[in-house]
Colleague: 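Structure incoming, see below.
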Amino acid sequence: MKAKRKEKIRIKPKEINFYLKYSYDPEAVARKQQRIKMILPLAALLLVVLLIFGTFTLLAISKNKKAEKNEQFILEPTNISQYQEAVAKEEELTAKKEELSALTKKQEEMGKKPTLENSKILLAITDAAGASKIENCSYSVETGKIKIEVDAAKASAVAQIVKKIEASGAFKAVKYQGYQGNDGSYKATIEGIYIMEGER
């Protein structure tokens, strides 16, 4: 028998890329990685800034749209008419409140002033008139003004009444415009302002 022939195994030599081997620079790789590490935070910060800017931009757009809607609502003729009507009612209500407040204040002030029936006014006038007749007497609680119509037997009695009213100290600005009549009947109108007891 013939001996089997041994086959030779040929191993193909592995190719070596000398360019890659000798072009590899560890320092350059390290620098590149360092740059990446520096860029990442900056990129993240830029992203945050962009998000914030975008949020504010959207808010501004939304606000402008609302303002436009409000302006359109305000400029509608129907809404303008309703607004003017509401303003007019508010002004009318305010005026009524002020009027009520003024009336209330006036009533309070008037409540502090004496009336002709419950004060010493009538007594002072009666005492000053003496024998003369008081035909009419009116008194304004609001202004304190008093008006007396007297009928005296003598012309000189009218002047005496005026002097006595002034001397009582209860009145100021006492005056009269003369008298009318004769033969024992002299009529005159005397005016003055009552002075509150706390103001004397």
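The first residue of the sequence shown is numbered 1, and numbering continues consecutively from there.
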Colleague: For Tyr176, give me all partners under ring pair (Phe, Tyr, Trp, His ring centres under 6.0 Å), at least two apart in sequence or on another chain.
Modeller: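 Counting only residues at least two positions away or on another chain, Tyr176 forms no ring pair (Phe, Tyr, Trp, His ring centres under 6.0 Å).
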
Colleague: Using every non-hydrogen atom in the two residues, find where Tyr186 and Gly181 come nearest and quote the distance to one decimal.
Modeller: CE2-O, 3.3 Å

Colleague: Measure across Ala157 and Ala152 and return the closest heavy-atom pair with its distance rounded to 0.1 Å.
Modeller: CB-CB, 3.7 Å

Colleague: With rounding to the nearest 0.5 angstrom, report the CG to CG distance, Leu47 to Leu42.
Modeller: 12.5 Å

Colleague: Is the closest side-chain heavy-atom distance between Val150 and Tyr179 below 4.5 Å?
Modeller: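 No, too far: nothing below the 4.5 Å cut-off.
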
Colleague: Ignoring hydrogens, what is the shortest heavy-atom contact between Ile193 and Ala173? Give both atom names and the distance.
Modeller: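 Heavy-atom minimum between the residues: CD1-CB, 4.5 Å.
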
Colleague: First locate atom CD of Glu98, then atom CG of Leu93, and finally report the distance between them rounded to the nearest 0.5 Å.
Modeller: 10.0 Å

Colleague: Which heavy atom of Ala128 sits nearest a heavy atom of Ile161, and at what distance?
Modeller: O-CG1, 3.6 Å

Colleague: Please give me the minimum heavy-atom distance between Ser168 and Ile165, naming the atom from each residue.
Modeller: OG-O, 2.6 Å

Colleague: Starting from Ile146, can I reach Ile195 by hopping between I/L/V/M/F/W/Y residues whose side chains sit under 4.5 Å apart?
Modeller: no

Colleague: Within the distance-only criterion (no hydrogens, no angle test), does the side chain of Thr55 pair as donor or acceptor with the backbone N or O of Leu51 below 3.5 angstrom?
Modeller: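 Indeed, once roles are kept as given, a pair shorter than 3.5 Å links the two residues.
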
Colleague: What residue pairs, at least two apart or across chains, pass salt bridge (Lys or Arg N to Asp or Glu O under 4.0 Å) with a residue in residues 150-175?
Modeller: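 Sorted result for residues 150-175: empty, none.
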
Colleague: I need the minimum non-hydrogen distance between Ala188 and Val158, along with the two atoms involved.
Modeller: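 Reported closest heavy-atom pair: CB-CG1, 3.6 Å.
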
Colleague: Does Ile148 form a side chain to side chain contact (heavy atoms under 4.5 Å, CB included) with Ile134? I'd like the steps, not just the answer.
Modeller: CA-CA 7 Å; Ile148 311 161; Ile134 300 174; 4.1 Å; yes

Colleague: I want to check something: taking the side chain as every heavy atom from C-beta on, are Thr189 and Lys147 in contact at a cut-off of under 4.5 Å?
Modeller: yes

Colleague: With side chain to side chain contact (heavy atoms under 4.5 Å, CB included) as the criterion, how do Ile61 and Thr57 come out once you've worked through the C-alpha distance, each side chain's angles and the decisive distance to 0.1 Å?
Modeller: CA-CA 6 Å; Ile61 292 170; Thr57 302; 4.0 Å; yes

Colleague: Any donor and acceptor pair, going by atom type alone, linking the side chain of Ser101 with main-chain N or O of Lys97 inside 3.5 Å?
Modeller: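 It does not hold such a pair.
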
Colleague: Contact between Glu191 and Lys145 at the side-chain level, heavy atoms closer than 4.5 Å - yes or no?
Modeller: yes

Colleague: To the nearest 0.5 angstrom, please state how far the CD atom of Glu90 sits from the OH atom of Tyr83.
Modeller: 10.5 Å

Colleague: Say whether Leu50 and Leu59 are linked into one hydrophobic cluster, either directly or through other cluster members, by side-chain heavy-atom distances under 4.5 angstrom.
Modeller: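 Hydrophobic grouping puts Leu50 apart from Leu59.
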
